[in-house]
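Start at 1 with the first residue, then count along the sequence. Computed over heavy atoms, backbone and side chain alike; hydrogens, waters and symmetry mates excluded. Counting convention: from 1, in listed order, for ligands and their atoms alike.
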Amino acid sequence: MKILVVNAGSSSLKYQLIDMDTEGVLAKGNVERIGIDGSFLKAKGNGKEKIFEKPVPDHTVAIELVLNALQDEEVGVIKSMDEITAVGHRMVASGEYFKETTLVTPEVLTTLKEKTFELAPLHNPAAVKGVEGCMKVMGDKPMALVFDTSFHQTMPKHAYLYGIQYEDYERYGVRKYGFHGTSHKFVSEEAIKYLGKKAEDTKIVTCHLGNGSSISAVKGGKCVDTTMGFTPLAGVLMGTRSGDIDVSAVEFLAQKKGLSFSEAVNYLNKQCGVQGISGVSSDFRDLIAEADKGNERCQLALDMFAYQVKRYVGAYAAAMGGLDAIVFTAGIGENTPTVRAAVCSGLEFLGVEMDKKANEGKNTGAIREISTKASKTKVLVIPTNEELVIARETAALV
Ligand code: AMP
């Protein structure tokens, strides 16, 4: 069975074609600059890469281009569209309307548009354009929606509610939803397999540390808490997002800077985080390079990040009543030993004993144990694979 995984943004469309027998990637690529001059598709397949330059006014044309590339003489890997069993679409926000992976129907699309667009105005409308483009080009091919929020649907009410009037939660759905769910699901499942324990006996903290970062508490294989909230702004400070902040400080800042409330939220999303603290970059590679040269604000940004992640690891160990493993994943989590070491330093009281050499070893793309053999709590680096989760969920549904 072959599953096409589609991740559509407002001006880009990433895809992977996955062979479910081997779970290997047959082909992948990215259509860039949709609706903008100079659009193109960079496609990989058969061990080759090819650029398709063509005007791509909308997501329907983008999907046509992808299907042509999949059947191309050089980088193509299929003879016809019939070889694709189904399509799995990444969807960011589900609100309380979709608790799990869902097949696309006209009713589902209506609910998505009417109820979830306002929850993720940047992401969900773009993803739906991807779905509708596929429907136009691929006819009645089964399509599944895989939500970033689904894995967090098992959080108990006392974890996901904010301390606001209960009626406002009921009326408007204002609560913590969490994000990066496919990644937290994938790495926690891999960790459980690695630990060789029964899922119900495990207590794991998963740290997805990338340009956007979130940390989850996974008890018995189920998410019981996570750091992102109603939107991805909450939790630890990130590349450009502030993370948690007192709302009264935002009101004060908005007054001082002459910003409307939505301008202030935009500032918190796009101009803060480690970028705002360092004044140098949102990219951790730049921060580490500059901190090594003595830039104190870059070092401060790194210290704040590691401290905030550590604080959540401790909080979640308390929430779960113990800790078997800490998992690091995503761009920073997989590639930055200094951040992992800083997060784990001082966690000896939780049974963590780091293996310095293993932590500084190369990223092999496989699971790596970076705690000592004697460490009661394991520390693992697990490369994430969100596309594979989307493909697995889609295959299971169809
Ligand atoms: P992501 O959003 O998962 O792609 O992660 C992006 C972040 O990961 C950026 O801050 C990068 O600096 C960081 N990152 C990615 N690759 C590396 C690497 N090889 N070494 C250090 N940091 C990296």
- In terms of side-chain geometry, is the basic nitrogen of Glu360 or Lys356 positioned less than 4.0 Å from the acidic oxygen of its partner? yes
- Task: Could you tell me if the ring centre of Phe284 sits under 6.0 Å from that of Phe305?
- Result: yes
- Salt bridge Lys48-Glu74, side-chain N to carboxylate O under 4.0 Å: no
- Message: Taking Lys193 first and then Glu189, would you say they form a salt bridge - that is, a charged N and a carboxylate O separated by under 4.0 Å?
- Response: no
- Protein residues near ligand 1, heavy-atom distance below 4.0 Å? Gly210, Asn211, Ser282, Asp283, Phe284, Arg285, Ala330, Gly331, Ile332, Asn335, Thr336
- Query: Any chance CD of Glu200 has more than 12 other-residue heavy atoms, nucleotides or ligands included, within less than 6.0 Å?
  - Reply: yes
- Message: Regarding Arg392 and Glu23, does a basic nitrogen lie under 4.0 Å from an acidic carboxylate oxygen?
- Response: yes
